[in-house]
Amino acid sequence: AEAQQIYATGNVIDTVALLRNVQDTSPDLPKAKAQLTQLSGKSDKIIAKLLARSDEAVSDGLFQRALTMLSDLQGRVGPDRKPDVDKKLQAARDRLAAAKQEFDDKLKRGKDRLRGGDAREAYRLLSRASDLADDNAFPWGFAEQQMFAQAHIESPVRIQRATAQRDSDPRHRRRRQ
């Protein structure tokens, strides 16, 4: 009865999980097995899509998103899929830890470069740290935003781009000639 209520909400994966847990002594066992046979294929397709989405998230560098998806899926899959989900979950955790380490390193090195007067390198490092923070929900507070803005303003890259853009404009070239 509980599985049918959950199925009515459209949650196939949890329905299959509940049907797998019906006791052998239950009078509803034949009905549960019939429903399980009917829904297991649909559930497998949904799980495969969710695993593919988690793989896409990992390949895109969105490790926190993949970790959330896989953690949610871990308790809902059957014993046949559990090792695969556990393996992917551990890989996402490892990649998230590596991204956090890279974030901390880029942030520290960017701060040091900005204090040292190398705004171009500071901007490059802080830009990467900002991307990692956005992609994986790492702490990126007001102080970091101010540093990033300062590096952007002081960076000669910005000045070079403006000069290159001005020089590419035909009106400015004619004046210089």
Side-chain angles (χ1 to χ4, degrees), residues 1-111 123-145 147-149 151-152 157:
E2 187 178 349
Q4 287 176 340
Q5 288 174 343
I6 290 175
Y7 182 70
T9 66
N11 191 338
V12 176
I13 296 172
D14 286 344
T15 303
V16 170
L18 279 173
L19 291 172
R20 284 187 180 131
N21 292 330
V22 172
Q23 301 295 320
D24 291 337
T25 59
S26 173
D28 293 327
L29 184 64
K31 186 176 179 181
K33 283 188 176 189
Q35 288 178 336
L36 183 60
T37 303
Q38 179 185 5
L39 294 177
S40 63
K42 192 175 196 179
S43 174
D44 289 342
K45 286 180 184 177
I46 293 171
I47 289 170
K49 284 182 183 178
L50 290 173
L51 289 173
R53 285 185 186 161
S54 73
D55 289 342
E56 287 173 13
V58 167
S59 68
D60 290 343
L62 305 172
F63 308 118
Q64 185 65 46
R65 182 176 187 183
L67 191 64
T68 302
M69 290 169 53
L70 291 166
S71 295
D72 184 47
L73 194 59
Q74 185 182 29
R76 302 165 78 191
V77 295
D80 56 327
R81 283 309 236 338
K82 191 155 178 58
D84 187 36
V85 172
D86 290 343
K87 181 180 171 185
K88 289 179 182 286
L89 187 61
Q90 187 58 46
R93 283 184 184 133
D94 293 345
R95 298 283 301 270
L96 182 63
K100 177 66 170 140
Q101 183 68 30
E102 182 184 358
F103 168 76
D104 291 340
D105 178 59
K106 299 286 187 206
L107 189 59
K108 181 184 179 303
R109 288 177 46 213
K111 286 178 185 180
Y123 178 72
R124 188 186 69 76
L125 291 166
L126 292 171
S127 178
R128 177 65 181 141
S130 173
D131 290 345
L132 287 166
D134 288 346
D135 291 347
N136 294 296
F138 296 143
W140 186 260
F142 183 70
E144 288 82 6
Q145 290 174 2
M147 257 191 321
F148 184 61
H152 179 68
V157 172

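Residue indices begin at 1 and follow the sequence shown. Note: hydrogens, waters and symmetry copies are ignored here, and every other heavy atom, side chains too, is used.
To the nearest 0.5 Å, the span separating NE2 on His152 from CD on Gln145 amounts to 14.0 Å. Interatomic distance, CG of Leu89 versus CD of Gln74, reported as 5.0 Å (0.5 Å rounding). With rounding to the nearest 0.5 Å, the separation of NZ in Lys111 from CG in Leu126 is 9.0 Å. A distance of 12.5 Å separates OG in Ser130 from CG in Leu125, rounded to the nearest 0.5 Å. A distance of 5.5 Å separates CG in Leu73 from CG in Leu51, rounded to the nearest 0.5 Å. A distance of 9.5 Å separates OG1 of Thr68 from CZ of Arg65, quoted to the nearest 0.5 Å.
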Original post:
Does the pair Lys88 and Asp55 meet the rule for a side-chain contact (heavy atoms from CB on, under 4.5 Å), with working shown?
Top reply: CA-CA 8 Å; Lys88 289 179 182 286; Asp55 289 342; 2.9 Å; yes
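Considering all non-hydrogen atoms of both residues, Met69 and Ser54 come closest at CE-N, 3.3 Å. Of all heavy-atom pairs between Asn136 and Gly61, the closest is ND2-O, 3.2 Å. For the residue pair Ala133 and Phe103, the shortest heavy atom distance occurs at CB-CE1, 3.7 Å. Of all heavy-atom pairs spanning Ala66 and Val58, the tightest one is CB-CG2, 3.5 Å.
By the 4.5 Å heavy-atom criterion applied to side chains, Arg93 and Leu67 are counted as neighbours. In this structure, the side chains of Leu107 and Glu144 come closer than 4.5 Å at one or more pairs of heavy atoms. The closest side-chain heavy-atom distance from Leu96 to Phe138 is below 4.5 Å. At a threshold of 4.5 Å between non-hydrogen side-chain atoms, the residues Asp86 and Leu70 do not count as touching.
Donor-acceptor pairing under 3.5 Å is recorded for the side chains of Asp94 and Gln90.
Salt-bridge check for Asp104 with Lys108: failed, with every basic side-chain N at 4.0 Å or more from each acidic carboxylate O.
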